[in-house]
There are 2 protein chains.
Amino acid sequence: MDTKEPRPHTGRRRNEAARRAILDAALDLLADADGAPVSVETIARAAGVGKQTLYRWWPSKGAVLLEALTDRAAQDVPAPDTGSLRGDLRALATATFDAAQRPPSAPALRTLVREAARDPHLADLMRTFTESRRAAVRQILARGRDRRELPADRDIDLLVDQFYGFFWYRFLLGHAPLDATTAEKITDSLLR
Amino acid sequence: MDTKEPRPHTGRRRNEAARRAILDAALDLLADADGAPVSVETIARAAGVGKQTLYRWWPSKGAVLLEALTDRAAQDVPAPDTGSLRGDLRALATATFDAAQRPPSAPALRTLVREAARDPHLADLMRTFTESRRAAVRQILARGRDRRELPADRDIDLLVDQFYGFFWYRFLLGHAPLDATTAEKITDSLLR
DNA sequence: GCTTGACGAGACTATCGGTCTCGGCAATGA
DNA sequence: TCATTGCCGAGACCGATAGTCTCGTCAAGC
């Protein structure tokens, strides 16, 4: 499919610098807020940009925030292949916990989830973000089951929800660590 | 400690009917909203009460919502004692999942969590609510460990977070069931 | 009957997401 | 060169919301 339009584009082009400034400002504020809400006004002002410029290219505040996070943070889903189910799951857990523990992605993600709790639009956008993560775990588990490393009667969807449920619970509440040791413990606990 | 004050109370007394009307209206709206925000105006109007009456007795909207939920819903923490670890945990899981699945507590709780994501005051109030639940699971697990039904090397806090992480994850996302079968499966999975 | 303080009502402030409009400016094509 | 197109920053504006303040009223006690 070509991007050609019936009439060639005329008029001023999109200012790439403004786009970058918006995403950078959004990520900075997101990371700095650590849970506290981030307003559109603040983003626009910090980026030296009019609000309309923001709404010309993104449908909502949540869309900006999400793109700011996924654009900068390593958004590639880890898909380790160590040869063993336990190794794969532990590698993914370690990578996930690690990424979720150091700035700027950690506070930014926390803020984003808080925003999503009230913004159905953003919640919807985040679904694809999280779904790809879920799929990665599901794939690791399915491969392990095919290799007979996981009993065939174990419910893979249950395990996926156990893994991410545990992760989000600790990540959002922050009452207990999400370090490498925990990654190993949760892996052992799930594959026991 | 006596509630006597230096000067006896004079003036009009608190209207108990208004208090009840506020809590009832709040719970109704909370249950009816199912995740959507509930405004103070709406509560006051539904209760036939001025906003100031509400703020005279509660410090914030969140406090009203939380009291409305804990006041009416069965706030007693289930503490089953079936004699076996597996039986206790399954009973608690079943009770929890069951309560979280039918109105009015289910939609009300969902709304409350959404509100808490943006209201630090409410989030703080909810911590005690959830902590008592966590303690119940912790106690069941500790008792099981004492009875040698659970290996001594298993991390109880990890299991508690696995259980409630799984619960909240499914409850809030609603992508998979939280029925009696699931309660049995998660119990088996945790105690495997 | 006087004081006290809760009551319903609603005006008011401040904040926020999102829309609308304005004058200016850059890219294009004639 | 110059008109058209469409993005730009700026900011007024709208509607919703949490929370405060004030007012006249009403009930409880002295």
Side-chain angles (χ1 to χ4, degrees), chain A residues 4-23 25-26 29-30 33 36-66 68 111-112 114-125, chain B residues 4-23 25-26 29-30 33 36-66 111-112 114-123 125:
Chain A
K4 272 175 192 141
E5 306 196 356
R7 184 168 45 73
H9 180 87
T10 63
R12 190 173 180 173
R13 304 308 172 80
R14 175 172 191 179
N15 184 352
E16 187 61 22
R19 180 180 164 274
R20 275 256 53 89
I22 290 169
L23 292 179
L29 293 166
L30 215 42
V38 173
S39 78
V40 179
E41 286 275 349
T42 314
I43 297 172
R45 196 168 297 271
V49 141
K51 275 169 62 174
Q52 187 58 27
T53 300
L54 204 148
Y55 279 106
R56 203 190 317 272
W57 302 107
W58 289 275
S60 71
K61 182 183 74 163
V64 179
L65 297 182
L66 183 63
T111 311
L112 204 62
R114 296 247 215 279
E115 299 271 351
R118 291 266 214 142
D119 180 349
H121 189 357
L122 176 57
D124 206 50
L125 290 175
Chain B
K4 270 176 192 143
E5 306 194 355
R7 185 168 46 73
H9 179 89
T10 62
R12 191 174 179 173
R13 306 307 173 80
R14 175 172 191 179
N15 185 352
E16 186 61 23
R19 179 179 164 275
R20 277 257 52 90
I22 289 170
L23 292 179
L29 293 167
L30 215 43
V38 173
S39 78
V40 179
E41 286 276 347
T42 315
I43 297 172
R45 195 168 299 272
V49 142
K51 275 169 62 174
Q52 187 58 23
T53 300
L54 203 148
Y55 280 105
R56 202 190 317 273
W57 302 106
W58 288 276
S60 71
K61 184 181 74 166
V64 179
L65 296 181
L66 183 64
T111 309
L112 205 60
R114 297 248 214 279
E115 300 271 350
R118 292 265 214 141
D119 180 350
H121 188 358
L122 177 55
L125 289 175

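Owing to the predicted nature of the structure, the values given are computational and were not obtained by experimental measurement. In what follows, chains are A, B, ... by sequence order, proteins preceding strands, each numbered from 1.
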Taking every non-hydrogen atom, the tightest pair across [X] and [Y]:
X      : Y      : answer
B:A63  : B:L125 : CA-CD1, 3.8 Å
A:A117 : B:R114 : O-CD, 2.6 Å
B:K61  : B:V38  : NZ-O, 2.8 Å
A:A25  : A:A46  : CB-CB, 4.0 Å
A:A26  : A:L65  : CB-CD2, 4.4 Å
B:S60  : B:H121 : OG-CD2, 3.3 Å

When you measure from the side-chain N and O atoms of [X] to the phosphate of [N], is any distance below 4.0 Å, counting only OP1 and OP2?
X      : N      : result
B:W58  : D:dA18 : no
B:R56  : C:dC7  : yes
A:T53  : D:dG9  : yes
A:R118 : C:dG17 : no
A:W57  : D:dG6  : no

What's the [atom1]-[atom2] distance between [X] and [N], to the nearest Å?
X      : N      : atom1 : atom2 : result
A:E115 : C:dC16 : CD    : P     : 11 Å
B:D119 : D:dG19 : CG    : C1'   : 12 Å
B:R13  : C:dA6  : CZ    : C1'   : 11 Å
B:L54  : C:dA6  : CG    : P     : 15 Å

*Does any residue of residues 38-51 of chain A have a heavy atom under 4.0 Å from DNA chain D, and if so, which ones, in number order?*
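Of all residues in residues 38-51 of chain A, the ones placing a heavy atom under 4.0 Å from DNA chain D are A:G48, A:V49, A:G50.
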At a cut-off of 3.5 Å, list every protein nitrogen or oxygen paired with a nitrogen or oxygen from nucleotides 23-25 of chain C, distance to 0.1 Å.
from   : atom 1 : to    : atom 2 : distance (Å)
C:dG24 : N2     : A:R12 : NH1    : 3.1

*In Å and rounded to the nearest 0.5 Å, what is the CG to CG distance from B:L112 to B:L122?*
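Those atoms lie 5.0 Å apart.
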_Heavy atoms from C-beta onward define the side chain here; which of D:dC7, C:dC7, C:dG17 lies closest to that of A:Y55?_
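For the A:Y55 side chain, the nearest candidate turns out to be C:dG17.
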*Looking at D:dG19, D:dC21, C:dT19, which one has an atom nearest to any side-chain atom of B:Q52?*
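Closest nucleotide among those given: D:dC21.
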*asked:* Less than 4.5 Å apart, side chain to side chain, heavy atoms only: is that true for B:W57 and B:I22?
replied: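 They are not in side-chain contact.
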*Find which nucleotide of DNA chain D each of B:K61 and A:E16 is nearest to by heavy atoms, and output the residue with the more 5' nucleotide.*
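Residue closer to the 5' terminus by nearest nucleotide: A:E16.
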*asked:* I need the full list of salt bridge (Lys or Arg N to Asp or Glu O under 4.0 Å) pairs touching residues 45-55 of chain A, with sequence neighbours left out, sorted by first then second residue.
replied: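 Every pair satisfying salt bridge (Lys or Arg N to Asp or Glu O under 4.0 Å) with a residue in residues 45-55 of chain A: A:E41-A:R45, A:E41-A:K51.
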